[in-house]
Amino acid sequence: MPHYRRFADASVSEKILDTMFLITIGLGYLFALGHTFFSHEGRDGKPGLSVEDVKIAYYGQHQQTRLGAGLNGGMDANLETPEQKQVIIDWIDAGSTEESFNENVAPILNSNCIGCHSVESGMGLPPLTSYNDVMKLARADTGASIQSLVRVSHIHLFGIAFILFFVGRIFILCEMPVMIKRVTVAVPFLAILVDILSWYITKYIPGFAFVVVMAGGLMGISLTIQILVSLYQMWFYKPIVEPVEM
Ligand code: HEC
């Protein structure tokens with residue numbers, strides 16, 4: 001039987017180094033959770049982080065535009081009839097073409113809105129005087145762009161691979177049934193791969209947001225278990241079997 005290293009074979013200096021590393025990574029992970037909370041929290045208009053917030057972050061709110069939100073939020077009071085609001089909403093839903101804008105929407109805006117929403121009004125409000133200006137407020141929120149997902153993916157994969165590798169290297173010095181150990185070192189890697197893949201799927205299929213949350217949670221749980229079990233075994237656990245015969 002080959003001899004594999006265990007914590008019993010590690011010097012105190014090595015254990016101090018491992019401990020400092022694990023504590024620093026653990027703290028870093030807590031801050032990463034805090035960052036996730038603050039960057040997605042409340043997207044759905046309710047305080048706190050929910051699967052709905054994650055859905056909006058990746059998929060967006062396809063029905064929601066600044067123009068639609070403005071009309072729903074009280075600007076429709078400036079219109080003459082509720083039908084005019086419907087004309088504008090229908091135009092957004094139908095893909096907001098320039099032709100239909102000039103024909104149906106511009107006359108409504110010109111008679112009800114540009115008194116305030118124009119450069120001339122001097123009120124500093126977003127102008128509604130031309131198709132291009134209105135389009136700035138009429139684009140639907142389609143969530144994170146592929147470009148930004150690619151950027152965040154490569155940073156995450158490189159960074160997290162290093163973290164999981166070094167934490168895993170320390171964790172394999174623990175004493176435990178081999179199958180548990182083999183599964184525990186593999187799980188966080190699989191979880192982060194599924195997590196990142198599901199960002200892209202969620203961008204197109206919003207129902208996938210729960211996979212993002214579950215995979216992220218699974219990675220966090222397995223990382224936490226590895227850190228805590230390693231710290232415990234390193235300092236407090238006395239192997240029953242002599243380590244020489246493992
Ligand atoms: C009497 C002046 C006035 C008129 C007329 C008016 N608005 Fe506004 N509008 C405002 C002000 C002031 C704000 C910013 C404060 C707020 O949101 O209530 C605003 C904000 C908005 C916003 C939000 C802009 C953003 O930054 O997201 C939209 C959209 C909007 N208005 C659309 C309209 C439309 C469409 C009409 C015509 C039906 C209209 N407004 C008519 C004064 C006006």
Side-chain angles (χ1 to χ4, degrees), residues 32-153 155-156 198-210 212-213 216:
L33 283 183
H35 175 71
T36 307
F37 179 83
F38 287 121
S39 52
H40 294 327
E41 182 267 334
R43 280 181 192 265
D44 60 354
K46 299 188 198 91
L49 188 61
S50 64
V51 175
E52 190 62 23
D53 292 319
V54 174
K55 185 179 122 184
I56 295 170
Y58 294 104
Y59 179 73
Q61 289 176 305
H62 290 201
Q63 299 305 314
Q64 191 60 284
T65 62
R66 279 170 72 188
L67 182 58
L71 285 170
N72 289 327
M75 281 299 136
D76 54 344
N78 297 300
L79 293 167
E80 293 142 47
T81 65
E83 286 75 43
Q84 292 183 318
K85 172 176 167 183
Q86 203 51 49
V87 170
I88 302 177
I89 298 288
D90 288 347
W91 169 74
I92 299 173
D93 288 344
S96 15
T97 63
E98 183 161 10
E99 199 189 351
S100 162
F101 174 82
N102 292 332
E103 195 175 316
N104 305 309
V105 177
I108 301 177
L109 301 183
N110 290 341
S111 51
N112 301 292
C113 314
I114 62 169
C116 301
H117 288 274
S118 61
V119 181
E120 292 78 44
S121 81
M123 289 174 69
L125 293 169
L128 297 174
T129 35
S130 72
Y131 176 72
N132 285 335
D133 288 334
V134 175
M135 278 313 289
K136 286 182 194 144
L137 302 181
R139 258 183 214 106
D141 168 12
T142 54
S145 68
I146 290 289
Q147 193 194 359
S148 78
L149 287 183
V150 167
R151 179 167 46 81
V152 180
S153 302
I155 299 172
H156 266 71
S198 53
W199 297 351
Y200 292 86
I201 301 176
T202 305
K203 177 155 173 63
Y204 300 100
I205 308 171
F208 244 77
F210 88 97
V212 175
V213 175

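Scope of the values below: all heavy atoms of this structure, side chains included, with no hydrogens, waters or symmetry mates. Whatever order the structure lists ligands and atoms in, that order sets their numbers, starting from 1. Computed from a prediction, not measured in an experiment: that's the story for all the values here.
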request  = Considering heavy atoms of the protein only, find what lies nearest to atom 16 (C) of ligand 1 and give residue, atom and distance to 0.1 Å.
outcome  = M75 CE, 4.2 Å

ask   = Can you check whether a protein heavy atom sits less than 4.0 angstrom from atom 23 (C) of ligand 1?
value = no

query = Would you say H117 has an N, O or S atom lying under 2.8 Å from atom 8 (Fe) of ligand 1?
reply = yes

message = Heavy atoms only: which of N110, L125, V105, D76 lies closest to atom 12 (C) of ligand 1?
response = L125

task = Taking both backbone and side-chain atoms into account, decide whether N78 has an N/O/S atom under 2.8 Å from atom 8 (Fe) of ligand 1.
result = no

inquiry  = So which atom in K85 and which in D76 form the shortest heavy-atom distance, rounded to 0.1 Å?
reply    = NZ-OD2, 3.6 Å

task = For C113, take its heavy atoms, then give the atoms of ligand 1 lying under 4.0 Å from any of them.
result = 34 (C), 35 (C), 36 (C), 37 (C), 38 (C), 39 (C), 41 (C)

key: Closest non-hydrogen atom pair between A57 and R43, with its separation   = CB-NE, 3.6 Å

task = Write down the atom of P126, the atom of L137, and the distance for their closest heavy-atom approach.
result = CB-CD1, 3.9 Å

inquiry  = Show the atoms of ligand 1 that are less than 4.0 angstrom away from any heavy atom in N112.
reply    = 5 (C), 37 (C), 41 (C)

remark   = Quick note on ligand 1: atoms under 4.0 Å from a heavy atom of P126 include exactly 24 (C), 26 (O)

Enumerated ligand 1 atoms positioned under 4.0 Å from heavy atoms of L71 = 35 (C)

ask   = Which atoms from ligand 1 have a heavy atom of L79 less than 4.0 Å away?
value = 38 (C)

task = Give yes or no for whether the N/O distance cutoff of 3.5 Å, strictly under, is met between R66 and ligand 1.
result = yes

Considering all heavy atoms, the nearest G68-I89 contact = CA-CD1, 4.3 Å

query = So, does Y59 use its side chain to make a donor-acceptor pair with the main chain of A209 at under 3.5 Å?
reply = no

message = I'd like the name of whichever of G74, G70, S111 reaches closest to atom 28 (C) of ligand 1 through any heavy atom.
response = G70

task = Kindly check if the number of other-residue, nucleotide or ligand heavy atoms within 6.0 Å of CZ (F210) is above 12?
result = no

query = Could you give the distance from CG (L71) to CG (N78), rounded to the nearest 0.5 Å?
reply = 9.5 Å

ask   = What closest approach, in Å, do R139 and K136 show between heavy atoms, and which atom pair accounts for it?
value = NH1-CA, 4.3 Å

query = Which of the atoms of ligand 1 are close to L128, meaning less than 4.0 Å from one of its heavy atoms?
reply = 32 (C), 33 (C), 34 (C), 35 (C)

query = How close does the nearest protein non-hydrogen atom get to atom 2 (C) of ligand 1, and which residue and atom is it?
reply = C116 SG, 1.8 Å

message = Students often mix this up, so state it plainly: with edges at 30° and 60°, are the rings of W91 and F101 parallel, tilted or perpendicular?
response = tilted

message = I want to check something: taking the side chain as every heavy atom from C-beta on, are Y131 and V105 in contact at a cut-off of under 4.5 Å?
response = no

request  = Output yes when a protein non-hydrogen atom is found under 4.0 Å of atom 31 (N) of ligand 1, and no otherwise.
outcome  = yes

